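Below: the structure, in structure tokens.
Proteins get letters first, then strands, A, B, ... in listed order; numbering begins at 1 in each. Fair warning: this is a prediction, and the values are worked out from it, not measured in the lab. Just so it is clear, the values below take in all heavy atoms, side chains as well, and ignore hydrogens, waters and symmetry mates.
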There are 2 protein chains.
Amino acid sequence: MKNNSILRNISKHINLDKAEEESFLSLLISKSLKKKKFLLQSGDVCTHSAFVTAGCLRAYTIDENGFEHILQFAPPDWWIADMYSLITQKPGNLFIEAMEESDVLLLSKDDQEKLYHDIPKFERFFRIITENSLVANRQRVIDSLSLNAKQRYEKFCSIYPAVFNAIPQKHIASYIGVTPEFLSKLKAGGGEQN
Amino acid sequence: MKNNSILRNISKHINLDKAEEESFLSLLISKSLKKKKFLLQSGDVCTHSAFVTAGCLRAYTIDENGFEHILQFAPPDWWIADMYSLITQKPGNLFIEAMEESDVLLLSKDDQEKLYHDIPKFERFFRIITENSLVANRQRVIDSLSLNAKQRYEKFCSIYPAVFNAIPQKHIASYIGVTPEFLSKLKAGGGEQN
DNA sequence: ACTTTTTCTTAATCTAGATTATTTGTCTGC
DNA sequence: GCAGACAAATAATCTAGATTAAGAAAAAGT
């Protein structure tokens, strides 16, 4: 059953005893999302962190010209939330949408805070996954500054082969910061040097 | 004295008693850096987090064509480290350099881990500042995807007015991802629309 | 099965920003 | 106070990637 996956995820960084596992699982709210349904929309206040157990979600903004820009993909075993809104409890700018039929486990901000207090190991767990997420985001900033479109595309494919095979390529274009037309050209053999 | 600033920084998120403060301060190593001196270089393993008490540092990479790309500025009251290298204890790709004569307080990774264990409040403290840093980095990714050069420049100036006034503008160019020449053109009134 | 919608490709044109080069202004150390 | 290095401005040219448009292919709904 799906609760195994979240316990396995957590056990990568902390060890829980049976009672703690039960106590943690009792806080989770299971939710299914049909394709194109939203977990969160721009203007909403984010009240829960989500752990993906099936399917795939994406977090994106829409700019002033109506273009989407994908900040994050969340395949199974990933956490996703609008961190800005979750922390500040102010309305955010992110849409979080199911790219296909998906299942998530939700943990409310309040319960998360209680967890930090009741089982301090969870503070460690979330510190560690936040650190890892920060490292990945910093690397993405560096890549956006120092790699060209082709290099960013190749890096994306090599780092996220599973995601790459499961989603429309226009979403990859949106993630790496090019138009779908240009990505198509790249794949056809554009940017031949290199 | 400079230790006040780090205690004030910490007290924004957790409360320490006198003994805890003393215990924490005893772990810190004070270090001064002359202009253009490195706290860390590409290829080094990052062993310490640094808290800036005076001056200003910057973290940057050098790409395959020899161009610098600034990931972070660290004026007084900011923490700086190569998070990737600090976490993995593998050689990193960042240079961390003093932009002017600067003073930092260093906390070793080992001591930081001990602190998590001995005074769990520190785990909370670093979780919170890591979360804040993640939010800022995610916003920077979004901005790089959805804003043009002029908008990124204006946003930088409004968010970091203190840094903006204290550093050569070629470093701002490097941070926002344009050439110094183009930034100069922008300031002179290029990109007139908008 | 077939109709609608979504995704991908190709190609021509256009532009934001890069590159290269030169000049001028500003520090900094001595 | 001056020499040499460093930073900024200006301008001409170039290019990676955007835009626009249209058709082909694939997916999905009924």
Query raised in the report: Parallel, tilted or perpendicular: which fits the ring planes of A:Tyr60 and A:Phe38, with parallel below 30° and perpendicular above 60°?
Result: tilted
Query raised in the report: DNA chain C: B:Lys35 or B:Arg152, which has the more 5' nearest nucleotide?
Result: B:Arg152
Query raised in the report: Just how far, in rounded Å, is P of C:dA18 from CG of A:Leu145?
Result: 11 Å
Query raised in the report: How would nucleotides 7-13 of chain D be written as a contact map, 5' to 3', with B for base contact, S for sugar-phosphate-only contact and - for no contact, using protein heavy atoms under 4.0 Å?
Result: SSBB---
**Report entry** Shared hydrophobic cluster, B:Leu27 / B:Ile119 (ILVMFWY, side-chain heavy atoms < 4.5 Å)
**Finding:** yes
Requested in this report: Give me the bend of the helix from C:dA1-D:dT30 to C:dC30-D:dG1, using the axes of the five pairs at each end, rounded to 10°.
Outcome: 70°
Query - Path from B:Leu94 to A:Val141 over hydrophobic side-chain contacts below 4.5 Å - result: yes
**Report entry** Length of the CD-P vector between A:Glu100 and D:dG29, whole Å
**Finding:** 13 Å
Query raised in the report: Can you tell me how far C1' of D:dT19 sits from CG of B:Asn148, to the nearest Å?
Result: 16 Å
Report task. May I have the distance from A:Met99 (atom CE) to C:dT6 (atom C1'), rounded to whole angstrom? Result -> 13 Å
Report task. Rounded to the nearest angstrom, tell me the gap between atom NZ in A:Lys150 and atom P in D:dT15. Result -> 18 Å
Query raised in the report: Does any donor atom in the side chain of A:Asp103 or A:Ser32 lie under 3.5 Å from an acceptor atom in the other side chain?
Result: yes
Requested in this report: To the nearest Å, give me how far apart CD1 (B:Ile176) and P (C:dA16) are.
Outcome: 16 Å
Report task. Check whether any side-chain N or O of A:Thr179 sits under 4.0 Å from OP1 or OP2 of D:dG17, and answer yes or no. Result -> no
Report task. Quick one: do A:Lys36 and A:Glu100 satisfy side-chain contact (heavy atoms from CB on, under 4.5 Å)? Show the steps, please. Result -> CA-CA 7 Å; A:Lys36 296 206 176 172; A:Glu100 53 189 89; over 6 Å; no
Query raised in the report: Does the side-chain contact (heavy atoms from CB on, under 4.5 Å) test come out yes or no for B:Arg138 and A:Leu71, once each step is laid out?
Result: CA-CA 7 Å; B:Arg138 282 169 65 117; A:Leu71 180 59; 3.4 Å; yes
Requested in this report: To the nearest Å, give me how far apart CZ (A:Phe164) and P (C:dC8) are.
Outcome: 11 Å
Query - ring pair (Phe, Tyr, Trp, His ring centres under 6.0 Å), paired with A:Tyr175, selected from A:Tyr153, A:Phe164, A:Phe156 - result: A:Phe156
Requested in this report: Run the numbers on B:Gln112 and B:Glu123 for side chain to side chain donor-acceptor pair (under 3.5 Å), then give the verdict.
Outcome: CA-CA 9 Å; B:Gln112 192 167 338; B:Glu123 187 121 40; over 6 Å; no
Report summary line: A:Leu186 atom CG is separated from C:dC8 atom P, nearest whole Å, by 14 Å
Report task. Compute the centroid of each ring, for A:Phe73 and then for A:Trp78, and state whether the two points are separated by less than 6.0 Å. Result -> no
